[in-house]
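For reference, the structure is listed below as structure tokens.
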Amino acid sequence: MLRKKLIAGNWKMNGLLSDGQKLAKQIAVEVKALKPACDVLVCPPFTLLTTVKKALRGSKVMLGAQDCHVEEKGAHTGDISPVQLKDAGCDYVILGHSERRADHGETNALVKAKAQAALEAGLKVIICVGETLQERESGKALEVVEKQVKASLPNNATASTVVIAYEPVWAIGTGKTATPTDAEEVHAHIRKVLVHKTGKIVASRMKILYGGSMKPANAAELLSQPDIDGGLIGGASLKAEDFIAIVNKAK
Ligand code: 13P
């Protein structure tokens, strides 16, 4: 298989210790029993990383965080470094999510710098890109996403360490999903951009996930598109049953 699918749950700012632990345990048990064809990742908030890591022990479910700082350590109140995430047992970190770009003014240049720092710390990264509704309606979706990919991708990107997530902003948490055809159009375009950035071999092996109201009912069709290599799931990743139903659709 050229690209093994990845189903990743982005828990965002949700969960207390008890329910985070319960959700992680349910996912770990199901994944152990089902031995799915895809890789599985959960990305809880910082406060739950250690608890979730323990709950996942003995399963193949990987652990990720939702952001990191560029620096390794120092006077940055409230921030967490990639080295600290690695130390806490993380495999992955999500970077440049549209909620961080919007709420914290994160630029492509900052996302790229964070990605490089994370790779140096031994983490894998998921770089998020996606257009707003206004950009889509004015016919600029491909152009916007292309610019984000070109400017956010770290210099030393490889297919085993970097994953791209296409998350149209208008589809996040809205219940509106991109049609499989529209999503595939953007994914195929991203892959073309990657050919120029990373060369043909890396581009053909790099995973491109779809995110934005993915749920059990629409996952199979989205995941069957040739350039959709998995999902970055928000709301539906908070219910073990729904998340596992999506995992089962990723063949
Ligand atoms: P929803 O699945 O809730 O739309 O969120 C998608 C997302 O932002 C994942 O990062």
Side-chain angles (χ1 to χ4, degrees), residues 5-15 19-20 23 27 38-46 48-49 52 61-68 85 90-104 106 111 114-115 118 123-133 135-136 141 144-145 148-149 152 162-180 182-183 186-187 190 207-223 225 228-250:
K5 286 195 167 56
L6 171 65
I7 299 297
N10 175 7
W11 294 6
K12 307 193 179 183
M13 197 172 69
N14 292 295
D19 40 45
L23 177 57
I27 293 169
C38 62
D39 287 327
V40 182
L41 166 71
V42 292
C43 302
F46 293 131
L48 299 186
L49 286 175
V52 169
V61 180
M62 296 179 287
L63 181 70
Q66 301 170 18
D67 178 45
C68 69
L85 294 180
C90 287
D91 305 288
Y92 274 89
V93 60
I94 298 171
L95 294 171
H97 192 283
S98 61
E99 286 150 13
R100 293 213 57 88
R101 291 178 187 258
D103 297 352
H104 300 274
E106 292 198 3
V111 174
K114 286 183 175 192
L123 294 166
K124 297 178 183 193
V125 299
I126 299 179
I127 311 244
C128 303
V129 297
E131 82 286 358
T132 62
L133 185 59
E135 288 162 343
R136 170 151 291 263
V144 167
V145 167
Q148 287 175 329
V149 171
S152 310
V162 175
V163 173
I164 309 268
Y166 167 58
E167 300 205 305
V169 178
W170 49 269
I172 295 176
T174 57
K176 281 187 218 155
T177 319
T179 64
D182 284 349
V186 180
H187 281 237
I190 292 173
K207 293 188 219 297
I208 308 174
L209 313 183
Y210 170 82
S213 300
M214 191 186 268
K215 44 187 181 256
N218 60 28
E221 214 187 336
L222 285 160
L223 293 168
Q225 299 302 309
I228 300 186
D229 309 313
L232 184 54
I233 329 287
S237 74
L238 297 172
K239 266 181 75 185
E241 197 188 329
D242 287 352
F243 186 63
I244 292 298
I246 297 173
V247 164
N248 275 327
K249 298 207 154 84

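All ligand and atom numbering here is 1-based and tracks the order in the structure. What's counted below: heavy atoms across the whole structure, side chains too, no hydrogens, waters or symmetry copies. The first residue of the sequence shown is numbered 1, and numbering continues consecutively from there.
A distance of 12.0 Å separates CD1 of Ile94 from CG of Leu123, quoted to the nearest 0.5 Å.
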I'd like a table of the close N/O pairs between ligand 1 and the protein (anything under 3.5 Å), one pair per line with both atom names and the distance.
{"from": "ligand 1", "atom 1": "2 (O)", "to": "Ser213", "atom 2": "N", "distance (Å)": "3.4"}
{"from": "ligand 1", "atom 1": "2 (O)", "to": "Gly234", "atom 2": "N", "distance (Å)": "2.9"}
{"from": "ligand 1", "atom 1": "3 (O)", "to": "Gly235", "atom 2": "N", "distance (Å)": "2.8"}
{"from": "ligand 1", "atom 1": "4 (O)", "to": "Gly173", "atom 2": "N", "distance (Å)": "2.6"}
{"from": "ligand 1", "atom 1": "4 (O)", "to": "Ser213", "atom 2": "N", "distance (Å)": "2.7"}
{"from": "ligand 1", "atom 1": "5 (O)", "to": "Lys12", "atom 2": "NZ", "distance (Å)": "3.3"}
{"from": "ligand 1", "atom 1": "8 (O)", "to": "Lys12", "atom 2": "NZ", "distance (Å)": "2.8"}
{"from": "ligand 1", "atom 1": "8 (O)", "to": "His97", "atom 2": "NE2", "distance (Å)": "2.8"}
{"from": "ligand 1", "atom 1": "8 (O)", "to": "Glu167", "atom 2": "OE1", "distance (Å)": "3.4"}
{"from": "ligand 1", "atom 1": "10 (O)", "to": "Asn10", "atom 2": "ND2", "distance (Å)": "3.0"}
{"from": "ligand 1", "atom 1": "10 (O)", "to": "His97", "atom 2": "NE2", "distance (Å)": "2.9"}
{"from": "ligand 1", "atom 1": "10 (O)", "to": "Glu167", "atom 2": "OE1", "distance (Å)": "3.1"}
{"from": "ligand 1", "atom 1": "10 (O)", "to": "Glu167", "atom 2": "OE2", "distance (Å)": "2.9"}

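Checked by atom type and distance alone, the side chain of Lys124 never pairs as donor or acceptor with a backbone atom of Asp91 at under 3.5 Å.
Residues forming a side chain to side chain donor-acceptor pair (under 3.5 Å) with Gln148 (at least two apart in sequence, or on another chain): none. By the ring pair (Phe, Tyr, Trp, His ring centres under 6.0 Å) test, His187 pairs with Tyr166, sequence neighbours left out. Lys249 meets the side chain to side chain donor-acceptor pair (under 3.5 Å) test with no other residue; sequence neighbours excluded.
Asp39 and Met62 get closest at one heavy-atom pair: CB-CE, 3.9 Å.
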